[in-house]
2 protein chains.
Amino acid sequence: MSNAPAPAPTSRREQILKEAARLFAERGFHGVGVDEIGAAVGISGPGLYRHFAGKDAMLAELLVGISERLLDGGRMRIAEGGESPGAVLDALIDGHIDFALDDRPLITVHDRELDRLREADRKRVRRLQREYVELWVTVVREVHPEPSEAEARAAVHAVFGLLNSTPHLGRPGALPGRTDMAHLLRRLALGAFGAMADGAEEAGGAGGAAPASGA
Amino acid sequence: MSNAPAPAPTSRREQILKEAARLFAERGFHGVGVDEIGAAVGISGPGLYRHFAGKDAMLAELLVGISERLLDGGRMRIAEGGESPGAVLDALIDGHIDFALDDRPLITVHDRELDRLREADRKRVRRLQREYVELWVTVVREVHPEPSEAEARAAVHAVFGLLNSTPHLGRPGALPGRTDMAHLLRRLALGAFGAMADGAEEAGGAGGAAPASGA
DNA sequence: GAGCGACGTTAACGGCCATTAACCGCACCT
DNA sequence: AGGTGCGGTTAATGGCCGTTAACGTCGCTC
């Protein structure tokens with residue numbers, strides 16, 4: 001309950017959340033004042049309190065929202081099931097890349113401001129994150145059974161770091177465009193997972209276990 | 001006689017910086033009060049002003065310090081020159097991993113609080129960061145000449161994200177120990193760079209394509 | 001054509017927090 | 001002894017900022 005008020009497609013709430021995400025990403029939760037957030041959507045200061053209980057509530061809704069969307073997306077892709085575990089992993093990677101490229105500010109805020117939440121919300125977000133990670137770990141281990149679970153989990157975290165690196169990129173166009181970037185990130189991620197396996201089996205079977213599928 | 005006030009090697013300043021780094025990493029620059037930092041080193045509150053001009057000064061010294069150490073380390077390893085470009089890249093990676101594993105808080109603060117600096121300091125830090133990246137780009141392109149410079153640069157950023165992922169790891173020991181972690185990260189990084197190259201040449205060589213050199 | 005609820009506005013209030021003031025004691029030198 | 005200065009202390013001070021109050025205005029429905 002309590003949800004589904006938003007009748008309109010892009011309600012005021014969503015507009016506020018979007019701007020808040022951008023500002024939080026740029027200057028940090030504590031670095032942004034409510035007046036700024038208000039100004040960003042054309043209203044000023046305390047007007048925000050008609051839409052949110054407080055500044056904390058905005059952050060909470062942002063973080064929970066991201067985590068849920070990531071997890072739901074992951075579950076969906078797994079449920080759809082590809083032709084092989086490798087295809088599912090590809091789908092997970094592509095999904096995460098879309099997210100990282102399209103919602104940079106959210107990604108930034110996501111792993112930066114978690115501790116500013118109230119205990120309850122923080123636990124909820126952590127739970128969602130953990131489930132998302134475990135989703136990946138499961139799939140990764142189907143594709144690459146050799147490494148230990150601890151290794152696989154660490155590798156998943158590392159690949160998240162890799163995929164989430166886009167926000168750190170400098171403004172200038174000294175970088176590939178969106179499409180090229182997506183392809184590059186996908187390759188890098190697959191390469192990393194492949195190397196995780198290669199090292200673990202030590203067999204020297206460079207074959208890479210035919211990790212990918214697509215294209 | 002008072003117990004060793006420790007005028008020793010690790011001066012009060014360094015002690016303060018270390019604790020400040022930890023706290024900034026945990027709760028963010030704005031999230032930490034000077035009283036907390038003071039308490040962490042046994043003195044309280046404004047006593048810090050005997051050692052630093054202000055809270056900002058601590059952050060500035062931290063960020064400049066990290067950036068300089070990273071860059072110097074990188075330059076040194078390049079100057080030493082390995083037996084091959086691949087060996088140099090290995091050295092860069094190992095160096096960065098040591099840093100990431102030993103100075104987690106610093107790494108966290110490093111790419112989180114950059115914008116809280118005064119214009120001058122921020123520019124300085126950015127310059128150092130950029131030089132460090134370019135160092136890597138140069139070496140990477142010697143090992144893997146095929147990809148464009150833009151791709152190589154993006155890949156370097158991504159690998160930084162991968163290597164810097166350690167701070168995000170949960171407390172529990174559900175993860176590899178330091179040594180295993182270092183080996184794993186190294187493999188992942190090399191795998192990513194190898195995949196960057198594989199994709200660029202389109203050779204279709206599914207395997208690791210003998211990415212680096214090292215062991 | 002009155003009433004009401006959604007949405008804003010501006011003006012306090014109150015707390016937190018970085019920074020400064022004013023003051024202290026010990027170590028060390030002469 | 002006497003002075004100097006470094007490293008601390010506790011008590012203001014002053015500003016920023018989240019939040020609340022009190023008050024207006026549409027636009028809608030009965």
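Each chain gets a letter, A, B and so on, in the order its sequence line appears, and its residues count up from 1.
- Here C/dA6 presents its C1' atom at 13 Å from CD1 of A/Ile16, a figure rounded to the nearest Å.
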Show me, pair by pair, the donor-acceptor contacts under 3.5 angstrom made by side chains of residues 65-80 of chain A, not counting sequence neighbours?
{"from": "A/Ser67", "atom 1": "OG", "to": "A/Leu63", "atom 2": "O", "distance (Å)": "2.7"}
{"from": "A/Glu68", "atom 1": "OE2", "to": "A/Arg124", "atom 2": "NH2", "distance (Å)": "2.8"}
{"from": "A/Arg75", "atom 1": "NH2", "to": "A/Glu131", "atom 2": "OE1", "distance (Å)": "2.5"}

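- The interatomic distance linking B/His51 (NE2) with C/dT19 (P) rounds to 15 Å, in whole Å.
- B/Phe24 places a side-chain heavy atom less than 4.5 Å from the side chain of B/Ile37.
- Side chains of B/Arg12 and B/Gln15: a donor on one and an acceptor on the other come within 3.5 Å.
- Nucleotide C/dA18 holds its P atom 12 Å from the CG atom of B/Leu23, rounded to whole Å.
- A/His96 and A/Trp136 have perpendicular rings, their planes meeting at more than 60° on a 0 to 90° scale where under 30° would count as parallel.
- The aromatic rings of B/Phe160 and B/His157 sit perpendicular, their planes meeting at an angle over 60°, well past the 30° parallel limit.
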_Protein within reach of the bases, or only the backbone? For nucleotides 9-22 of chain D, mark each nucleotide 5' to 3' as B, S or -, using heavy atoms under 4.0 Å._
BBB------SBB-B
